[in-house]
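Note: hydrogens, waters and symmetry copies are ignored here, and every other heavy atom, side chains too, is used. Ligands are counted one by one from 1 in listed order, and the atoms in each one are counted from 1 as well.
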Amino acid sequence: MRTYLVTGGAGFIGSNYIHYMFRKYGSEIRIINVDALTYAGNLENLKDLENNDNYSFVRADITDRDAIADIFKNNDIDRVVHFAAESHVDRSIKDPEVFVITNVVGTATMLNCAKAAWELPDGTFKEGKKFLHVSTDEVFGSLPDDGKSYFYETTPFSPHSPYSASKAGSDLLVKAYMDTYKFPANITNTSNNYGPYQFPEKLIPLLIHNSLEGRDLPVYGDGMNIRDWLYVDDHAKGIDMVMEQGRLFETYNIGGHNEKRNIEIVNLVIETLLELLPDDDPRKKNVSKDLIKFVEDRKGHDRRYAIAPDKIKKEVGWEPETTFEVGIKKTIKWYLENPEWFERVTSGAYQEYYEKMYG
Ligand code: NAD
Ligand code: TYD
């Protein structure tokens, strides 16, 4: 049985990944989820796994070397999937330091602990061990709005926000471990994800939440910035395929040629909400394009992101399966059917769950 150490599993992508893995492998795998439970970590995302003997949770900070080393000492970890990070660009503009600590120092701690646990006396590594570092396309900077330039694995790093600079730092550390020690790892750089369990500070869940409450929908700048959107389950599948089939020491870009301007997303979310909400749902009267408010632009706002997913398709056989039309409907339906999720996240009640279950 393979044992996975997943960092940041209580966050958006981590929790979707853990669900995906148990759906795919069932009792063939064991997952240990290590998460500090910051504002972005919501253990309720995984409450259906509380009684699963193959799942366990450890509350620890990835910068805590002793706590992470203990997990490796007490468990024969085969795979590390490293999601834990500070992930929101706007927060990084306000408070950059914690991004450096978690994203750079935390990744260094994870690498050190995995290396110590997996290294043999001759400097090679135990058979079958692998570390997968989950990163972002934002490390590559911004593309011109020309519809034909893309981020490739070979595109030089040119991060602009403190968030993307700290992720670039973490990617370079993983590269350094691979180059220096032949440390068994892969890096994935992925475009903007969307789906269930995403904290409503990011564009799509924020639009859904604010629309349902009749609050303003802030559109930064002219609303013409472009992001390349990927359904979170497709990302989870890509991570698993790179882990199992990707060549060691390689980087893979994960994205699906799904570029949209922000204003298109805003309009589509409103239209889809109006389509999906029944007429007698009291939330429907709040939803309107009148809520759209153009606001001051984000500082250093990257204009366009777009991934070239050719390498992962050719080498690993991964392609996205969920079209945006299907994925956005699925996503909005999930938030409409789980109104208590938004309620508990916005009131802060989700943070009491850990004390109740583990305290
Ligand atoms: P998220 O903010 O939803 O979740 C981050 C998780 O990490 C939370 O559970 C949080 O509690 C945990 N965490 C934060 N600091 C920690 C620390 N010091 N120690 C232990 N745990 C800590 O983020 P997400 O959107 O799920 O992103 C996951 C990963 O994917 C990140 O590395 C991010 O850079 C990357 N990524 C995200 C996107 C996206 O669109 N969301 C796109 C590309 C790459
Ligand atoms: P976001 O979801 O924060 O992801 P990222 O900055 O990592 O791409 O933002 C996606 C895009 O939406 C980005 O161009 C900024 C823009 N945006 C708004 O216009 N209004 C908002 O309230 C938010 C959160 C984002």
Checklist entry - In terms of heavy-atom contacts, does CD of Glu50 have more than 12 from other residues, nucleotides or ligands at under 6.0 Å? => result yes
Next on the checklist: Using a 4.0 Å cut-off to any heavy atom of Phe83, which atoms of ligand 1 qualify?
Outcome noted: 28 (C), 29 (C), 31 (C), 32 (O)
Item to check | Close approach, Phe199 and ligand 1, non-hydrogen under 4.0 angstrom | outcome: no
Next on the checklist: Just to confirm my output: which protein heavy-atom neighbour is closest to atom 15 (C) of ligand 2, and how far is it?
Outcome noted: His301 NE2, 3.5 Å
Next on the checklist: Looking at non-hydrogen atoms alone, which of Met224, His88, Glu201, Gln198 comes nearest to atom 24 (C) of ligand 2?
Outcome noted: Glu201
Next on the checklist: I'd like the name of whichever of Tyr305, Tyr194, Tyr163, Tyr220 reaches closest to atom 17 (N) of ligand 2 through any heavy atom.
Outcome noted: Tyr220
Checklist entry - Evaluating non-hydrogen atoms only, which member of Asn193, Ile62, Thr188, Leu203 is closest to atom 17 (C) of ligand 1? => result Ile62
Item to check | His88 and Phe199: CA distance, side-chain angles, deciding distance, ring pair (Phe, Tyr, Trp, His ring centres under 6.0 Å) verdict | outcome: CA-CA 10 Å; His88 189 39; Phe199 200 81; 8.8 Å; no
Next on the checklist: Distance under 4.0 Å to a non-hydrogen atom of Val89: what atoms of ligand 2 satisfy this?
Outcome noted: 6 (O), 7 (O)
Next on the checklist: Can you tell me which portion of Tyr197 lies within the under-4.0 Å heavy-atom range of ligand 1? Options are side chain, backbone, both, or neither.
Outcome noted: neither
Checklist entry - Mind checking whether Phe57 and Tyr354 have parallel, tilted or perpendicular rings, split at 30° and 60°? => result perpendicular
Checklist outcome for this item: Here the atoms of ligand 2 under 4.0 Å from any heavy atom belonging to Glu138 are 5 (P), 7 (O), 8 (O)
Next on the checklist: As a quick check of understanding, evaluate ring pair (Phe, Tyr, Trp, His ring centres under 6.0 Å) for Trp334 and Tyr197, giving each step before the final call.
Outcome noted: CA-CA 9 Å; Trp334 186 87; Tyr197 305 117; 4.7 Å; yes
Next on the checklist: Does atom CD (Glu340) have a neighbourhood of more than 12 heavy atoms from anything else shown, all under 6.0 Å?
Outcome noted: yes
Checklist entry - Any idea which of Ser135, Ser191, Gly9 brings a heavy atom closest to atom 44 (C) of ligand 1? => result Ser135
Checklist entry - Side chain or backbone of Lys167 under 4.0 Å from ligand 1, or both, or neither, by non-hydrogen atoms? => result side chain
Next on the checklist: As a quick check of understanding, evaluate ring pair (Phe, Tyr, Trp, His ring centres under 6.0 Å) for Phe324 and Tyr194, giving each step before the final call.
Outcome noted: CA-CA 10 Å; Phe324 192 65; Tyr194 68 100; 5.1 Å; yes
Checklist entry - Which residue from Ile263, Val295, Asn262, Val219 reaches closest to atom 16 (C) of ligand 2 through any of its heavy atoms? => result Asn262
Item to check | Selected option - heavy-atom contact closest to atom 14 (C) of ligand 1, from Gly8, Ala85, Gly14, Ala84 | outcome: Ala85
Checklist entry - Going by heavy atoms, is Asn192 under 4.0 Å from ligand 1? => result yes
Checklist entry - Heavy-atom count around Lys94 NZ within 6.0 Å, excluding the residue itself: above 12? => result no
Checklist entry - Among protein heavy atoms, which lies nearest atom 4 (O) of ligand 2, and at what distance? => result Asn192 ND2, 3.4 Å
Item to check | Lys NZ or Arg CZ of Arg2 over Tyr25 ring: under 6.0 Å, within 45° | outcome: yes
Checklist outcome for this item: If we number the atoms of ligand 2 from 1 as shown, the ones under 4.0 Å from a heavy atom of Pro218 are 18 (C), 19 (O), 20 (N), 21 (C), 22 (O)
Checklist entry - Between Leu37 and ligand 1, which part of the residue brings a heavy atom under 4.0 Å of the ligand: side chain, backbone, both or neither? => result backbone
Checklist entry - Hey, are Glu319 and Lys313 close enough for a salt bridge, meaning a charged N less than 4.0 Å from a carboxylate O? => result yes
Item to check | Subset of ligand 1 atoms that lie under 4.0 Å from at least one heavy atom of Tyr163 | outcome: 33 (C), 34 (O)
Next on the checklist: If you count heavy atoms of other groups shown closer than 6.0 angstrom to NZ of Lys329, is the number above 12?
Outcome noted: no
Checklist entry - Which residue supplies the protein heavy atom nearest to atom 9 (O) of ligand 2, what is that atom called, and how far is it? => result Arg298 NH2, 3.9 Å
Next on the checklist: Just to check, does Tyr194 reach to within less than 4.0 Å of ligand 1 when the distance is taken from its heavy atoms?
Outcome noted: no
Checklist entry - Should the pair Lys202 and Phe12 be classed as cation-pi, given the thresholds of under 6.0 Å to the six-membered ring centre and 45° from the axis? => result no
